[in-house]
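One structure is given below, encoded as structure tokens.
As the structure lists them, so they are numbered: ligands from 1, and atoms in each ligand from 1.
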Amino acid sequence: MQNKSIAQMAADLRLRTYSSVELTRHYLERIARLDPALNSFITVAAESALATAERADQTLRSGEAGPLTGIPIAHKDIFCTQGLKTSCGSRMLDGFVAPYDATIVERLAAAGAVVLGKTNMDEFAMGSSNETSWYGPVRNPWDAARVPGGSSGGSAAAVAARLCAAATASDTGGSIRQPAALCGVTGIKPTYGRCSRWGMIAFASSLDQAGVMARSAADAAFILDEMAGFDERDSTSADVPVPDYVDALDDDLHGLRIGLPKEYFGAGLDARIGDAVMAAIKEYEALGAEIVEISLPNSPLSVPVYYVVAPAECSSNLARFDGVRYGHRCDNPKDLQDLYERSRAEGFGPEVQRRIMIGTYVLSAGYYDAYYLKAQKIRQLIADDFKRAFEQVDVIMGPTSPTTAFQLGSKLDDPVSMYLNDIYTIATNLAGLPGMSIPVEPVDGLPVGLQIIGNYFQEARLLNVAHRYQHATHWHQAAPAGFE
Ligand code: GLN
């Protein structure tokens, strides 16, 4: 059952080949048996999942089911869920139960999806390996000694291990695409503003975007169809019509112009990943696409710019966790200052503290102009590079990540080498563009991701481009040993 596409599952549910309660029990059994080795879930919501599945079965019997009615999914623990813990991977929110659902949680619930639980993540979505989580690291289902990527490592590992049909995730600098690449699943980060962030815990508000992890572009299209769209409760939400993503999947690719940025294939890229990505691009040529060499000259500056902008915004967003209103509070505070200091020192882990300190530094008087303002200017130049590129091409392709999944612990003492994992993904967030990662031919048995970047609000095109490749190849169907 767990290897079927969402469309197949929906058809089976309608034909009563099995019920949503049976499908949900099947996933819950897999989670109970297989997840102890992975740690991809922070919370498993067996009881509420089965209750939702029962209601879904009633809807299915009444003949009013939609494409997601009764389909079991998981939410990244960054999305607020009413009545279910929302920790954001942090000790700070270990006891936090949100009084409301995030908009995308509400929309997927209205579509009839069953929520199996909440997935593990780097603390406050800061990380590329899922090792900064208060709940311990997630292991990569392809090799338990390796990381799943981050920050949405729990969602990626759970989808790869077939512990849910799909999962929500978020991406501030690569957190959907990089773990999707390292776990061999399909991930899409939509255009900034495409999916509501109301109820998604803020990290860096000018970069954060909600999206999806699934086993295929077609599955992702079913989920995104329900998630995307304007939300008046989110002031950055885009009031732009949402096309039907499933409808566009099969569009022909003849004449598609694919840009290959020369900066994405240079030093720092594992040569075997470069070869796997080029083999996928050859496949696109066979499907009728044209290849155009392009340049994104400012892209080498994206990591330094991001590590000014993202910490600056996080230092402001995380100021709300003060031990007073909600979240962790230290024992026996002497006075207010002591309450703030100890609650935050105990509640936040080292990476979050490092980012808050960098952020307050770059925003402080005297350094603001030198760092923050300068970073904002370079950010504009990075966006302009893409603008010029999209005058020549329809999509941009390259590797998602410079390496395959690395060993747990291997980059923990070296933040800069950890940060460089997102060298190919961050520019997309700085520009607000949509990006995807899909699995291509593995290297040494480990998954490799092809990144596909589109112009603003071109999610339908991205999913179509990804789907045509997945229709012609089988890499996305491979399951890690032990999780088939
Ligand atoms: N790895 C990047 C970071 O640590 C991106 C994280 C994200 O996209 N949430 O900030």
Which atoms from ligand 1 have a heavy atom of [X] less than 4.0 Å away?
X: Tyr307; answer: 2 (C), 3 (C), 4 (O), 10 (O)
X: Gly127; answer: 1 (N), 2 (C), 3 (C), 4 (O), 6 (C)
X: Phe203; answer: 9 (N), 10 (O)
X: Tyr306; answer: 2 (C), 3 (C), 5 (C), 6 (C), 10 (O)
X: Asp171; answer: 8 (O)
X: Ala125; answer: 6 (C), 7 (C), 9 (N)
X: Ser151; answer: 9 (N)

**Request:** Around atom 7 (C) of ligand 1, find the nearest protein heavy atom and jot down its residue, atom name and distance.
**Result:** Ser175 OG, 2.4 Å
I'd like to know if [X] and [Y] make a salt bridge, using a cut-off of under 4.0 Å between side-chain N and carboxylate O.
X: Asp77; Y: Lys118; answer: yes
X: Asp422; Y: Arg177; answer: no
X: Asp231; Y: Arg107; answer: no

**Message:** Is there a polar contact between ligand 1 and Gly174, counting only N or O atoms under 3.5 Å apart?
**Reply:** yes
**Asked** Are Tyr100 and Trp198 close enough that their ring centers fall under 6.0 Å?
**Response**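 Between Tyr100 and Trp198, the centre distance is under 6.0 Å.
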**Request:** Report the part of Asp422 (side chain from C-beta onward, or backbone N, CA, C, O) that has a heavy atom under 4.0 Å from ligand 1; answer both or neither where that applies.
**Result:**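 Looking at Asp422 and ligand 1, just side chain atoms fall under 4.0 Å.
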**Message:** Quick check: do Ser437 and Thr186 have side-chain heavy atoms less than 4.5 Å from each other?
**Reply:**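 No. Closest side-chain heavy atoms not under 4.5 Å.
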**Message:** Just to verify, which of Leu269, Ile453, Thr400 counts as forming a side chain to side chain contact (heavy atoms under 4.5 Å, CB included) with Tyr264?
**Reply:**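 When side chain to side chain contact (heavy atoms under 4.5 Å, CB included) is applied between Tyr264 and each of Leu269, Ile453, Thr400, only Ile453 qualifies.
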**Message:** For Phe386 and Phe390, take the angle between the two ring planes, folded into 0 to 90°, and tell me which bin it lands in: parallel under 30, tilted 30 to 60, perpendicular over 60.
**Reply:**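 It falls in the parallel class, under 30°.
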**Request:** Would you tell me which option among Arg355, Met418, Gln209 has the nearest heavy-atom contact to atom 4 (O) of ligand 1?
**Result:**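 That would be Arg355.
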**Asked** Between Phe406 and Lys411, is there a cation-pi geometry (under 6.0 Å to ring centre, at most 45° from the normal)?
**Response** yes
